[in-house]
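Just so you know, these numbers come straight off a predicted model, no measurement behind them. Each ligand, and each atom within it, is numbered from 1 in the order the structure gives.
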Amino acid sequence: ISTATKLANRSFSNCMMNAAGVWCMDEAELTAIDDSAAGTFVTKSGTLVSRPGNPEPRYYETALGSINSMGLPNHGIDYYLDVVAAFQKKNPGKTYFLSCTGFSIEQDQTLLRKIKDSEFNGIVELNLSCPNVPGKPQIGYDFETVDQILAAVFAEYDGPLGVKLPPYFDLVHFDQMAVILNKYPLAYINSINSIGNGLYIDDEKEEVVIKPKNGFGGIGGEYVKPTALANVHAFYQRLKPEIQIIGTGGITSGRDVFEHILCGASMVQVGTELAKEGPQVFERLTKELQDIMAAKGYTTLADFRGKLRHQD
Ligand SMILES: O=C(O)c1[nH]c(=O)[nH]c(=O)c1Cl
């Protein structure tokens with residue numbers, strides 16, 4: 001029974017990996033994912049210059065998930081290019097993901113020029129969905145800007161590249177986004193990022209639990225699985241087959257991985273559950289998925305990918 005997969009014509013020994021932002025801030029955290037049962041890793045979204053991020057506390061774990069307003073803290077794209085180059089030397093033939101995000105189209109183009117001129121030979125994940133930079137809107141909800149960014153990006157970069165999208169909640173938005181995405185040679189789309197600007201309250205203290213933005217932050221974990229599955233399946237139904245899908249959101253068990261793949265995902269990313277459990281979570285999820293596949297008589301992900309039945 002194999003949980004291996006392919007994405008952008010690269011092979012991965014396992015279909016699971018970390019979600020950008022979780023356990024991927026520095027070389028030590030990336031080493032832990034690289035040495036785990038995960039098929040690969042993605043770096044924290046790198047910006048042109050390093051950022052301290054928002055004031056703490058900016059991450060809070062709840063029984064059902066998490067809330068965060070990190071504010072894009074990262075060591076800068078040059079740091080991640082250097083670190084990933086070292087992993088590429090250590091494990092030639094392994095494909096890594098590099099996440100990045102700019103604060104303007106020009107910055108996105110500069111980022112991709114840097115990446116093109118570097119030794120990086122993996123897959124780029126352009127983050128269009130950070131909900132936590134005060135004063136900055138969610139790019140992914142501005143369809144016109146997404147179209148302009150993708151046009152600029154693909155004029156600049158010809159390596160494998162995908163985009164991290166925010167959750168959408170309206171079928172017409174899926175239609176409109178799919179029309180835009182289908183215009184470009186995207187390797188994949190990654191749905192979903194956290195559900196932006198939720199609010200979690202400590203009833204004892206009658207207070208919010210994170211400091212930035214009066215306590216508003218991106219929601220992850222069990223809260224978001226139905227939305228994540230809907231976004232994966234909606235885009236699976238609408239995108240041209242060349243654009244694959246990475247499913248992210250609400251994965252706490254092998255069953256959740258199974259459901260994301262049934263909805264059409266080729267790979268899955270784990271965020272909140274990885275933050276709670278640590279990199280050994282990938283061993284547990286892999287075993288649980290294999291048990292489900294065995295019980296159903298499946299031997300590969302292709303046996304059930306995208307085969308979610310609709311009621312006639
Ligand atoms: O606050 C963050 O750093 C952050 N937090 C998220 O939940 N998603 C993102 O894409 C980012 Cl960039």
Show which atoms of ligand 1 fall inside a sub-4.0 Å distance from at least one heavy-atom site of Lys44. 2 (C), 3 (O), 12 (Cl)

Side-chain (Ser194) to main-chain (Gly220) donor-acceptor, under 3.5 angstrom: no

Examine the proximity of ligand 1 to Gln138 and report which part, side chain or backbone, both or neither, has a heavy atom under 4.0 Å away. neither

So for Cys130 against ligand 1, with non-hydrogen atoms under 4.0 Å, the contacting part is both

Start with the C-alpha gap between His173 and Tyr141, add the side-chain angles, then the distance that decides, and say whether ring-ring contact (aromatic ring centres under 6.0 Å, His included) holds. CA-CA 9 Å; His173 292 168; Tyr141 291 147; 7.9 Å; no

Can you confirm, on distance only, whether ligand 1 has an N/O atom lying under 3.5 Å from any N/O atom belonging to Pro73? no

With a 4.0 Å cut-off on heavy atoms, is Pro131 in contact with ligand 1? yes

For Asn214 and Val208, which heavy atoms make the closest approach, and how far apart are they? O-CG1, 3.4 Å

Hey, is CD on Glu119 packed in by over 12 heavy atoms from elsewhere, all under 6.0 Å? no

How about His233 and His310: are their ring centroids closer than 6.0 Å? yes

Per-atom contacts of ligand 1 with Asn193, taking only distances under 4.0 Å to non-hydrogen atoms: 6 (C), 7 (O), 8 (N), 9 (C), 10 (O)

Which ligand 1 atoms, with their elements, are less than 4.0 angstrom from a heavy-atom of Asn132? 1 (O), 2 (C), 4 (C), 5 (N), 6 (C), 7 (O)

Polar contact flag for Asn127 and ligand 1 (N/O pairs, less than 3.5 Å): yes

Please determine whether any non-hydrogen atom of Gly21 lies less than 4.0 Å from an atom of ligand 1. no

Hey, which of Asn74, Leu30, Asp26 is the one that makes side chain to side chain contact (heavy atoms under 4.5 Å, CB included) with Lys44? Asn74

Measure Asn54 to ligand 1 on non-hydrogen atoms and call it side chain, backbone, both or neither using the 4.0 Å cut-off. neither

For ligand 1, is there an atom lying under 4.0 Å from some heavy atom of Gly218? no

Please could you name the atoms of ligand 1 that Asn68 approaches to less than 4.0 Å, counting only its heavy atoms? 1 (O), 2 (C), 4 (C), 5 (N), 6 (C), 7 (O)

Any luck finding a side-chain donor-acceptor pair between Ser99 and Tyr80 under 3.5 Å? no

Donor-acceptor under 3.5 Å (Tyr184 side chain, Asp147 main chain): yes

Using a 4.0 Å cutoff against the non-hydrogen atoms of Leu72, which atoms of ligand 1 qualify? 1 (O), 2 (C), 3 (O), 12 (Cl)

Between Phe216 and Tyr59, is there shared hydrophobic-cluster membership here, with clusters defined by ILVMFWY side-chain heavy atoms closer than 4.5 Å? no

